[in-house]
Amino acid sequence: MSGAFRLAAGGRIDRAAPLRFRFDGRPYEGLKGDTLASALLANGMHLVGRSLKYHRPRGIVAAGADEPNAIVQVGEGAWTQPNARATEVELYDGLVARNVTAWPGVGFDLGAAASLLSPLLVAGFYYKTFMAPGRWWRRLYEPALRRMAGLGRAPAAPDPDVYDKRHAHADVLVVGAGPAGLAAALAAARTGARVMLADEQAEFGGALLSEGDEIDGRPALEWVGRAAAELASLPEVVPLPRATVFGYYDHNYLAIAERRADHLGPGAPPGLARRRLWRVRARRVVLATGAHERPLVFADNDRPGVMLASAVRAYLNRYAVAPGRRAVVFTNNDDAYRTAFDLADAGIELAAVVDARSHPAGERVGEARRRGIEVLAGSALTGTRGRRRVAAVEVRRLDPGGSAVEGPARTLACDLVAVSGGWSPAVHLFSQSQGTLRFDEARACFVPDRAAQAVRPAGAANGTFTLAGCLAEGLAAGAAAARLAGFGDGTAPPAPLVRTARDGPIRPLWFVPSGRPAARDGGRHFVDLQADVTAADIRLAAREGLDSVEHVKRYTAAGMGTDQGKTANVNALALLSQAVGRPIAGTGTTTFRPPYTPVGFGLLAGRDRGELFDPVRVTPMHAWHVAHGAVFEDVGQWKRPLYYPRAGEDMAAAVARECRAARGGVAALDATTLGKIDIRGPDAAAFLDRVYTNAWARLGLGQCRYGMMCGQDGMVLDDGVTTRLAPDRFLMTTTTGNAARVLDWLEEWLQTEWPGLRVYCTSVTEQWATVAIVGPRAREVLGPLAPGLALDNEGFPFMTLREAEVAGIPARVFRISFTGELSFEVNVPAWHGLALWEAVMRAGEPFGITPYGTEAMHVLRAEKGFIIVGQETDGTVTPLDLGMDWIVSRTKDFIGKRSLLRPDASRPDRKQLVGLLPEDPGEVLPEGAQLVAARPARAIGLKAGRPIPMIGHVTSSYSSAALGRSFALALVKGGRGRIGATVYAPLVGRTLAARIVEPVFYDREGKRRNG
Amino acid sequence: MAEATHKRSPLADLAAGLAGASVPGRVSLAEEPFLAQIDLRGDAADGGFREAAGGVIGAALPLAPNTVAQGGRLRALWLGPDEWLIVGPEGSEGGIEAGLKAALAGRHVSIVDVSASRTAIAVAGAGAREVLAKGMGLDLHSRAFGPGRSAQAQLARAQVILEQVSGEPRFRLFVRASFAPYLARWLIDATAEYRIAGP
């Protein structure tokens, strides 16, 4: 059977579909339609956890998102989810869950010893207790707190589930599908507007799922069914059950967490997104988020079996579960009398209704008396008894002021206490949208006041607690929202007929005295069950001078649990108001922040994981590189071959071999990733003169020139070779990582500073694939591929461009060199890139052509002293610092020139580019190593010693096959004046010495580029 | 001799993956490789420029942001106040470039062949909007978007130029060649749910 406490009839559960599940290792049975909480209650399990500080037994209190106690870990292994509310976990066959607050189990809990220390665990105990001695923090307090803190364990294995995201746009987004939300959605949808209706529950209906209400003289759920069916039939409506709107951001942008497969458990179809994050932009929003019932704050009100009155109705009516055998109802309002009736109708013994009001006179009170239910008016619960479950309550007379109890105590035996302290509208999203709240004295709750966005609250979320009122407000809000979005005339459809009971007024009662002296009362009056905060804690905080609700929240932790204090906050701030003698309206609420209920990281990550984590950009030759065993490095989002190891080769050996090929034979590099910008217009040369430090006006047709650009601060921004394709047309190349930034830079100057220049820039980075053929035998490879092209130094001089067919493909061939060797960079339309590469490799085979990667490229250029922007430069380096005075024009203006004229730019002790030759030619200095002028007295270690002045750092460092030794480039203060001096790189445990030299190590005469 | 050389599209290796990801009646994915694409810059305020360019395209240059003009075999996509992407069938880039150069000779314009810069992916079918909505914040609903509309937007983590080609709906995504494999894999992944039995 599905539990001894299952009622014989009723409920929205499928009695023909039993489901097995385990809680804390024990097997139970529930029914399809159950939540984990209702299934546990059906099995008589109230005790589901222990409280945070005192480890007091705690039971299921609520039936929805407001549950403070029943926090469980669902599922096992990588699928597991910590921090789930049992009241929201839909039962599936084989579900495994455990409590997260007690160890080894909720019945016997070692942490319960903490309750003996309760006098120490007062408000602000974190701040008071763990102050001193300081070293105890790391050794004792922090480990102990970390063990105690947290709800559940994060899975250690990768999440096997799929999470995805959807953007959506709606004319009207209705949040909440209770009576008000359904009515709003219907009214809006009938106008033809695009409507989204999101509700956190598995089916639409909201509170109606848990109540026995009637609409038009028929069960209300018939109306719900018709409304849901009509909405489903309309093409422009997106109904979203199991979807929690958890964030309301600017410009009516809302985030929804949809649970698509959680209710199927680990057996969900593979590939189906377990959860989906909806990001919705809505013209209008209707918030029909309902309300949360408040508990009453009385002594020992946290004992399992004490539940919200509305939750008792939900378990009775929706799940056909009896939460107890003998009940007491404790209320300050008429609404809770419904619970008394439903309990009686379900055949559950009702000890009494304890009503804090002296003369309750509402229609339902009369009905209770007619039914023979004992109503103890003007009374209050002053305590509860029982170990793991309430066994009895004490009732005394409450004085008219509510500040004391009087007379003898009467004991009522019971195992269920249904409590209602009134209702708090769920204003969380309205408040997140920056709408203001107002305290309504008559209804004793905060209600939405002024909206800050295109939003309108409706129904219980607006403080309208009658069903008739919810329906009418919902219809009106939906019609108005549609009209404001451009649909319909704003006329609300006629409201269905609902009978409204004539209720008497609520009696606000924020603290129920227990009869103890006032100064010592309140220590077991729990305000926030999850954060384990009592009324005494709030009062203590107030006495200690914390009279702002935000301060009290942080000091006591009230409202800081994962439930965000849904059942606690209003009671806490009312108690604070009482303590400081201020009206509640003047105290205000704490800030409501997203998420409304906890959201898993998987949902936020979506599909951005694994190979989709970030785009991997590849060149047309990528497949070849992969097939030939390249090891790749990430350059921005690009994958570039780092080196191509042969069998048995390590990186050093492979790079040395690749370098030798480039210096002694022929080698090839995929240089496709370099940025390329087509620059055209009559003022193109003048424009280049302004953005580059050197002069461009007289560059001949088909000629190439190296250029360097600076920011306005005079610091090196980018460099590259630019070629004149026509009198009014240039092709600029940029570094791989800076391509987009440089284009933005050029556009910014053209659009904002120099709109008069007639220049257009177009990115052609991806249009061209580039193969660099490098080495003394480069001509022998290129020659046969380009029979129409003269390759000798006269016919095709260094730093020029030729257009020709290469391997039958129309190509641009640049004779430029980043290695110092004879070199041709062949550019073809990208879709021919692989064909060109393969043709080059074939043609080069007789000459032992060797593909080389970026590491060999770095070594080869560093041997020549060629800088790499971002490696030798870091935003603080000028062209002069690099010793490149020759590239800085004295005669024209350019971006950064004025900064370079500042005295600071010519300080002799600026860091300057130099070469380094380590004393030990086999030792490669670590890149980034700091340099000092004198050998430190002892090797540096982890212990602090005397600071040593640092004079520079290593920017590039390699072992060179051509030099037969290690070498490096470095930025050293006044470096050019230190040529010949020795500097030291203090490393952990040892110090390396190196001699400062000119930063060109190979072929200083520059002869090799001619082959 | 150029004809003999094999042109290879950025998604050549993923053609089967795209085809296999398509779900009949729901969504289809396919590369449209080698479309001719010419980036045209010029002064939209210059009537002579508009007329001459329009003459080559066979339709007036679109001046409204994010719209497309169709002229015979060519389409012109508005990319900016002074920038258009002229799209034609495979192999027509040389003719378009030459035609524009001739028609616009003597004017300050920029005509750049960018055909190999981007490839195109067609996303079509009843589920096409839903698939795109997984990675794009634009509203593609028929009331907000439609044939003849284009946009430059981000789909997942790649920039695309998007145009709606027909009301089916059929969309064409122009994506830079180096991003194309990523985007194709993202699309294949985004359609995975249609290939499994629903809950």
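We name chains A, B, ... by the order of the sequence lines, and we start the count at 1 in each one.
- Other residues, nucleotides and ligands contribute over 12 non-hydrogen atoms within 6.0 Å of the CZ atom of A/R609.
- Proximity to chain A is limited to the backbone of B/L138, based on heavy atoms less than 4.5 angstrom apart.
- The ring-ring contact (aromatic ring centres under 6.0 Å, His included) contacts involving residues 86-116 of chain B comprise A/Y760-B/H108, where partners must be two or more places apart or lie in separate chains.
- Here B/E193 pairs with A/R276 in a salt bridge; the nearest charged N to carboxylate O distance falls below 4.0 Å.
- A/F613 touches chain B through its backbone: at least one of N, CA, C or O sits under 4.5 Å from a heavy atom, while the side chain does not.
- Of the two parts of A/V162, neither the backbone nor the side chain holds a non-hydrogen atom closer than 4.5 Å to a non-hydrogen atom of chain B.
- A heavy-atom distance below 4.5 Å is not found between the side chains of B/K134 and A/H167.
- Note: A/P615 leads A/A769, A/P829, A/P615 in heavy-atom pairs under 4.5 Å with chain B.
- Only the side chain of A/R607 comes within contact range of chain B, with heavy atoms under 4.5 Å apart.
- Neither the backbone nor the side chain of B/R129 has a heavy atom closer than 4.5 Å to any heavy atom of chain A.
- For B/D39, the part lying under 4.5 angstrom from a heavy atom of chain A is the side chain only.
- For B/S117 (side chain) and A/Q767 (main-chain N/O), a donor-acceptor pair under 3.5 Å exists by modelled atom type.
- Among B/V109, B/D43, B/L140, B/L183, the residue making the largest number of heavy-atom pairs under 4.5 Å with chain A is B/V109.
- For chain B, the nearby parts of A/D614 are the backbone and the side chain; heavy atoms of each come within less than 4.5 Å.
- Heavy-atom distances place the side chain of B/D13, and not its backbone, under 4.5 Å from chain A.
- Considering only heavy atoms from C-beta on, A/W831 stays 4.5 Å or farther from B/P33 through its side chain.
- Contacts between A/L834 and chain B at a heavy-atom distance below 4.5 Å involve the side chain alone, from C-beta outward.
- Taking B/P10, B/A190, B/A133 one by one and counting their heavy-atom pairs under 4.5 Å with chain A, the maximum is reached by B/A133.
- Chain A forms the most heavy-atom pairs under 4.5 Å with one residue out of B/R143, B/E83, B/Q37, B/R118, and that residue is B/R143.
- Only the backbone of A/S763 comes within less than 4.5 Å of a heavy atom of chain B; no side-chain atom from C-beta onward does.
- Residue B/A177 touches chain A through both its backbone and its side chain, counting heavy-atom pairs closer than 4.5 Å.
- When heavy atoms are compared at a cutoff of 4.5 Å, B/P181 approaches chain A solely by way of its side chain, counted from C-beta outward.
- Between B/D139 and A/R194 there is a side-chain heavy-atom pair separated by less than 4.5 Å.
- At a threshold of 4.5 Å between non-hydrogen side-chain atoms, the residues A/Q637 and B/Y182 do not count as touching.
- Summarising the geometry, atom OG1 belonging to A/T762 is positioned 9.5 Å from atom CG belonging to B/L40; distances are rounded to the nearest 0.5 Å.
- For A/W638, the part lying near chain B is the side chain, with the backbone staying farther off; criterion is any non-hydrogen pair under 4.5 Å.
- Interatomic distance, CG of B/D189 versus CG of A/L612, reported as 5.0 Å (0.5 Å rounding).
- Summarising the geometry, atom NE2 belonging to A/H832 is positioned 10.0 Å from atom NE2 belonging to B/H6; distances are rounded to the nearest 0.5 Å.
- Smallest separation of non-hydrogen atoms from A/P269 and B/I196: CB-CD1, 4.3 Å.
- Every residue meeting the salt bridge (charged side-chain N to carboxylate O under 4.0 Å, His left out) condition with A/R729, not counting sequence neighbours, appears here in chain and number order: A/D678.
- Contacts between A/R281 and chain B at a heavy-atom distance below 4.5 Å are absent for every atom of the residue.
- For A/V618, the parts lying near chain B are the backbone and the side chain together; criterion is any non-hydrogen pair under 4.5 Å.
- By the neighbour-count criterion of 12 heavy atoms within 6.0 Å, atom CD of A/E803 is densely surrounded, having more than that number from other residues, nucleotides or ligands.
- For A/D171, the part lying under 4.5 angstrom from a heavy atom of chain B is the side chain only.
- No part of A/A839 comes within reach of chain B, as not one of its non-hydrogen atoms sits under 4.5 angstrom from that chain.
- A/E766 places no side-chain N or O within donor-acceptor distance of the main-chain N or O of B/A116, the cut-off being under 3.5 Å.
- B/E130 places a side-chain heavy atom less than 4.5 Å from the side chain of A/R166.
- Only the side chain of B/E93 comes within contact range of chain A, with at least one heavy atom under 4.5 Å from a heavy atom of that chain.
- Of the two parts of B/T119, neither the backbone nor the side chain holds a non-hydrogen atom closer than 4.5 Å to a non-hydrogen atom of chain A.
- Between chain B and the options A/V759, A/I679, A/T765, the largest number of non-hydrogen pairs under 4.5 Å is found for A/V759.
- With hydrogens and angles ignored, the 3.5 Å screen pairs a side-chain donor or acceptor of A/H169 with a backbone N or O of B/G137.
- Looking at A/R680 and B/R41, their side chains never come closer than 4.5 Å, going by heavy atoms from C-beta outward.
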